[in-house]
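Heads up: the structure comes next, in structure tokens.
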Amino acid sequence: MAILPIIVAPDPRLKLTCAPVPKVDAAVARLMDDMLESMYAAPGIGLAAPQVGVLKRVIVIDTAKPAEEPRPIRLANPELVATSEELKSWDEGCLSLPEHYAEVVRPSRVAVRYLDEHNRKQEVEADSVLAVCLQHEMDHLDGILFVDHVSALKRNMILRKLRKAKKLGTLAAE
Ligand code: GNR
Ligand code: NI
């Protein structure tokens with residue numbers, strides 16, 4: 001396994017639409033494992049392939065608390081098959097927007113169809129933090145960051161600070 005560096009915004013690679021994988025083969029399964037290792041190391045509760053520079057529709061998630069047993073989920077080609085009418089606001093963070101947080105409103109429950117690490121079709125129904133994380137990660141596959149769901153004022157403030165931190169080399173990960 002390998003820890004892959006995580007791309008920080010603003011970066012054109014975070015704004016692209018990712019391609020579906022034709023099938024989950026050994027290379028995609030290895031990518032999923034590397035992404036999980038990178039996510040745990042960060043630490044984070046989710047990671048999308050474009051955040052490590054791979055433009056494929058692959059995400060990993062583990063919303064287990066530190067004291068709980070790990071519950072990794074590996075998803076390729078995830079698709080939203082249902083969303084609740086009910087919305088919920090959540091204070092979101094992102095490994096590509098380090099140290100910045102904002103309230104984002106999304107459907108409170110979702111159902112997602114995907115291919116697992118064995119190329120088998122699966123479906124997951126989620127609420128709470130898992131529903132938030134699934135939507136956050138699927139957004140990444142279409143070049144969307146949580147700041148794209150908040151006001152332009154807040155978005156530009158966060159992106160301006162990150163641009164400056166990159167220039168000065170003051171990001172925590174660097
Ligand atoms: O680690 C993460 N925490 C988080 C918290 C609230 C809402 C979404 C997330 S996802 C984030 C990891 C990440 O950037 N995934 O793309
Ligand atoms: Ni993110």
Side-chain angles (χ1 to χ4, degrees), residues 2-19 21 28 31-68 70-80 83-84 86-110 112 114 124 126-151 154-159 161-163 165-166 171-174:
I3 293 179
L4 312 168
I6 294 171
I7 296 168
V8 173
D11 189 298
R13 291 169 291 178
L14 296 173
K15 301 307 300 171
L16 302 172
T17 299
C18 297
V21 296
V28 173
L31 170 65
M32 289 166 160
D33 286 345
D34 287 345
M35 286 171 57
L36 276 170
E37 191 181 8
S38 309
M39 181 194 84
Y40 290 130
I45 59 170
L47 191 66
Q51 294 180 276
V52 294
V54 178
L55 299 177
K56 296 181 194 299
R57 303 189 80 81
V58 173
I59 65 181
V60 295
I61 293 177
D62 190 339
T63 57
K65 298 193 183 75
E68 296 174 334
R71 287 194 299 273
I73 316 177
R74 299 161 172 87
L75 309 90
N77 305 345
E79 285 180 67
L80 270 180
T83 56
S84 61
E86 185 188 64
L87 306 177
K88 193 173 186 4
S89 174
W90 200 279
D91 196 29
E92 296 199 18
C94 180
L95 295 171
S96 296
L97 301 161
E99 292 167 47
H100 293 277
Y101 301 86
E103 291 285 331
V104 176
V105 177
R106 302 182 187 270
S108 54
R109 296 179 307 281
V110 295
V112 173
Y114 64 98
V124 59
D127 62 7
S128 187
V129 64
L130 181 56
V132 173
C133 196
L134 282 162
Q135 293 175 82
H136 175 115
E137 302 313 333
M138 290 171 72
D139 266 357
H140 275 297
L141 305 181
D142 292 315
I144 297 166
L145 301 174
F146 81 70
V147 287
D148 295 315
H149 294 289
V150 305
S151 71
K154 188 162 247 175
R155 172 167 60 253
N156 291 332
M157 188 187 72
I158 292 173
L159 293 174
K161 285 183 178 166
L162 287 170
R163 196 175 287 117
K166 277 188 176 183
L171 286 168
E174 291 179 341

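Order of listing sets the numbers, starting from 1, for every ligand and every atom in it. Just so it is clear, the values below take in all heavy atoms, side chains as well, and ignore hydrogens, waters and symmetry mates.
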Seminar exercise, completed: for atom 2 (C) of ligand 1, nearest protein heavy atom and its distance come out as I45 CG1, 3.6 Å
Exercise. So is C133 polar-close to ligand 1, meaning N/O to N/O under 3.5 Å?
Worked result: no
Exercise. Identify the closest protein heavy atom to atom 14 (O) of ligand 1: which residue and atom is it, and at what distance?
Worked result: L95 N, 2.8 Å
Exercise. Any idea which part of H140 is under 4.0 Å from ligand 1, heavy-atom wise: side chain, backbone, both or neither?
Worked result: side chain
Exercise. Heavy atoms, side chains only, cut-off 4.5 Å: are M157 and H100 in contact?
Worked result: no
For this session: Could you find the nearest protein heavy atom to atom 13 (C) of ligand 1 and give me its residue, atom name and distance?
Result: G46 O, 3.4 Å
Exercise. Just how far is it from atom CD of Q51 to atom CZ of R13, taken to the nearest 0.5 Å?
Worked result: 12.0 Å
Exercise. What protein heavy atom is closest to atom 15 (N) of ligand 1, reported as residue, atom name and distance in Å?
Worked result: E137 OE2, 2.7 Å
Exercise. Would you call L171 and L162 a side-chain contact if the rule is heavy atoms closer than 4.5 Å?
Worked result: yes
Exercise. Applying a 4.0 Å heavy-atom criterion (strictly less than), which segment of E92 is in contact with ligand 1: side chain, backbone, both, or neither?
Worked result: both
Exercise. Counting distance only, does the side-chain N/O of R163 pair as donor-acceptor with the main-chain N or O of P10 below 3.5 Å?
Worked result: no
Exercise. For atom 9 (C) of ligand 1, which candidate among G93, A42, P98 provides the closest heavy atom?
Worked result: G93
